[in-house]
Participant: 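Let me begin by handing over the structure; questions about it come next.
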Amino acid sequence: YGPEDFQLMLVDHGNSFGLQNGSPAYLKNVEFAVGDEWRAALLAITDEKLRENLEDVLDKGRLAALSMRRDELIKRSH
């Protein structure tokens, strides 16, 4: 992936809810912007809300990985 080719990469839920932390290797050096509305939405997704809504389908490790990916997006949105 690269911004010059404008391709959208779709992933399955295995990547979305997997145990990996951080961005995939193909996105490590890609700059992207997270707008104010997306940032506000990410900030509203607390760990408590994740547990309340997903603990019946995701284990603790997957919830933690999801939280870390959320935090990385928030950090990159400044």
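Along the sequence shown, residues are numbered consecutively beginning with 1.
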Participant: Could you give the distance from CD (Glu72) to CZ (Arg69), rounded to the nearest 0.5 Å?
Facilitator: 9.5 Å

Participant: State the CD-CZ distance between Glu55 and Arg62, to the nearest 0.5 angstrom.
Facilitator: 15.5 Å

Participant: With the side chain counted from C-beta on, respond yes when Asp47 and Arg70 share a heavy-atom pair under 4.5 Å apart, and no when they do not.
Facilitator: yes

Participant: At what distance, to the nearest 0.5 angstrom, does CZ of Arg51 lie from OG of Ser67?
Facilitator: 8.0 Å

Participant: For Glu52, is the CD atom crowded, meaning more than 12 foreign heavy atoms sit under 6.0 Å from it?
Facilitator: yes

Participant: Does Leu42 reach the side chain of Arg39, with side-chain heavy atoms less than 4.5 Å apart?
Facilitator: no

Participant: Using every non-hydrogen atom in the two residues, find where Thr46 and Leu43 come nearest and quote the distance to one decimal.
Facilitator: CG2-O, 4.4 Å

Participant: Decide yes or no for Leu66 and Ile45: does some side-chain heavy atom of the first lie under 4.5 Å from some side-chain heavy atom of the second?
Facilitator: no

Participant: Any chance CG of Asp36 has more than 12 other-residue heavy atoms, nucleotides or ligands included, within less than 6.0 Å?
Facilitator: no

